[in-house]
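Structure record follows, encoded as structure tokens.
Counting starts at 1 for both ligands and their atoms, following the listed order.
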Amino acid sequence: MANQENSEIAESSSFGYLSTSLAAAVLVALALAFCAPLCLAQEMSQERGPAPRLASDSHTDSHIAEALQQVSADHIRQTIEKLVSFQNRSTISAQDKESIKAGKGIGAAREWIKAEFERYAKECGGCLEVKTDTFTEQPGDRISKPTEITNVYAVLRGTDPQQANRIVLVTGHYDSRNSDTFNGTDPAPGANDDGSGTAVSLECARVLSKAFPGKTSSGKAGFPATIVFLTVAGEEQGLDGSKHFAQMAKQQGWKLEAVLNNDIVGGNLSPGQDASVVRVFSEGLPAAASEAEIKRVRMLGGESDSSSRELARYIADVGRSYHAGVKPLLIFRLDRFLRGGDHYAFNQQGFAAVRFTEFREDFNHQHQNVRTENGIEYGDLPKFVDFDYVAHVARLNAAALASLAWAPAPPASVKMLINNLENDTTLTWEPSAGAAAYEVVWRSTTAADWEYAQTISSGTRATLKVSKDNEIFAVRAVDAAGHRSLPVVPEPEK
Ligand SMILES: [Zn+2]
């Protein structure tokens, strides 16, 4: 474009074409004589294409930033206190009509969560579909008799017919426990574990549905892709609710691109807590990797490039772009040492899923009977929860969900061409719905996060003067407003 404009200006000038050429020749001669090193550098940079920029540059959508302000620590406190009021939310606690009426047990908690989602749905002009996923869990290590388990969720349907089948999901478990896994009656407040995560899912539903209800009478904007706000039960019994839900998603062929699991995000108020960060755990080698995929990792590396890890890096990017009040601290490990959580049930079905957890857990305040012993208070009570911190984590989640649901689809069939031995790197991919451009991102093999980015403004192929031997690459799609998709690491192709 620039060259064309220059030639047009030259042709229309009064000097005419010949005099322009002469002037150009003189300029070239002068340049060669006086600035050979500079010109050589310019020539090289032209050959290399546009200079890469840092991949860590932030992109902030003012609509998302504005919506985040609606996240309320006070509302989150009300949610957590309400959940605690059900006394014991163990999966094996009461769920008969009488107990529900009395406001005791997991059945009452389930009905309240459902009513709460329905209230948000009403407030956004019916933009949320409220659903339940009920099944019977058979007896196992932590369940003595067949037990009905219900996951409760709300769906904010995407508004772009081409992208509405893309789904991003936030979850927390609403079941709780005390010192005894088989105790369904004594207090098991579960304010932090996992009233906090349940409150994050509910708060994201409330705020995002209100700000971006989509196709309703309000005419307000909606996300192109779909967001699911989930609350599960059976976590403490062995991730039962999530296993069932993830299997359902797999069987029904959901295009589930990201799962954000919030479990123990209460910012427990005890010495040593760091309220400025929230840990984000992600698996390295995928639980669902095939033997062929593991073989490729052995050959080519990629131990730190599971789709869950790319999701974690995406959340780091969101953390740089929005002022959530808390920064994601990426932990390159499936979960805390030898412990598990609901995201793993999704990983097992091949979905990208990460876990958010406060920086420092206090084990006196989780999975404990409420009591005082030797002056130490035990029990997962609301008074140990930092509601501002939970609100910060909810903001980070909401920003990630909104960014993902507004971004184009991640590029499909991303390939690295390896026909010839060469130092350049050529990548190809298929067009993404909603994309206005693409970015190739890369980092050195020893770097934790993407270091450089280069915009590819047209086409679905890029050749970079960067060696595939020394760097790790990925491609992400970008829409006209700058929303970025999850990056996709290429597969080698001959
Ligand atoms: Zn938990």
Side-chain angles (χ1 to χ4, degrees), residues 76 79-80 83-84 86 88-93 106 109-110 113 137 141-143 149-152 169-184 187-203 229-246 259-268 270 273 278-282 331 333-348 353-370 378-382 384-386 389-390 393-394 397:
I76 282 168
T79 299
I80 291 174
L83 289 167
V84 170
F86 300 115
N88 183 316
R89 308 191 305 279
S90 165
T91 299
I92 57 165
S93 66
I106 194 159
R110 172 194 75 209
I113 291 168
E137 184 70 24
D141 289 351
R142 299 186 203 171
I143 285 197
I149 294 181
T150 300
N151 301 317
V152 187
L169 182 152
V170 61
T171 184
H173 70 88
Y174 71 91
D175 61 313
S176 69
R177 59 165 289 181
N178 52 33
S179 302
D180 178 3
T181 334
F182 291 99
N183 183 320
N192 192 350
D193 185 10
D194 185 27
S196 63
T198 305
V200 165
S201 189
L202 281 163
E203 190 66 357
F229 308 93
L230 173 64
T231 65
V232 298
E235 197 272 351
E236 303 291 7
Q237 257 52 38
L239 316 181
D240 300 335
S242 288
K243 278 181 187 165
H244 189 267
F245 197 91
V259 173
L260 312 183
N261 172 33
N262 289 267
D263 196 351
I264 312 178
V265 291
N268 181 84
S270 62
Q273 188 60 276
V278 60
R279 291 183 288 173
V280 179
F281 291 88
S282 57
I331 308 287
R333 176 170 285 152
L334 169 63
D335 206 320
R336 300 139 316 147
F337 226 77
L338 294 174
R339 292 189 295 152
D342 284 317
H343 59 306
Y344 183 59
F346 288 90
N347 287 156
Q348 284 179 304
V354 299
R355 174 191 184 125
F356 292 78
T357 297
E358 64 191 13
F359 178 70
R360 187 179 186 277
E361 294 170 81
D362 186 331
F363 303 106
N364 293 341
H365 299 157
Q366 49 177 273
H367 300 194
Q368 293 280 359
N369 287 342
V370 180
Y378 294 87
D380 191 353
L381 297 164
F384 302 124
V385 172
D386 177 348
Y389 180 81
V390 186
V393 175
N397 272 262

side-chain hydrogen bond (donor to acceptor under 3.5 Å, both in side chains) with [X]: which residues, sequence neighbours excluded?
X	answer
Asn262	Asn397
Thr79	none
Arg336	Glu361

Item checked: Residue pair His173 / Asp193, side-chain donor-acceptor N/O under 3.5 Å ->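 Asp193 and His173 do have a side-chain donor-acceptor pair below 3.5 Å.
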Margin query: Can you confirm whether the side chains of Asn192 and Glu358 place a donor and an acceptor under 3.5 Å from each other?
Written below: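 Side chains of Asn192 and Glu358: pair found under 3.5 Å.
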Check: Excluding waters, which protein N, O or S atoms are within less than 2.8 Å of the Zn ion (ligand 1)?
Finding: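 Listed by chain and number, the nearby protein N, O or S atoms are His173 NE2, Asp193 OD1, Asp263 OD1, Asp263 OD2.
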Note to self: Within the structure provided, determine whether Tyr378 and Asn178 are in side-chain contact (heavy-atom separation under 4.5 Å).
What the structure shows: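 Heavy-atom side-chain distance check fails, nothing below 4.5 Å.
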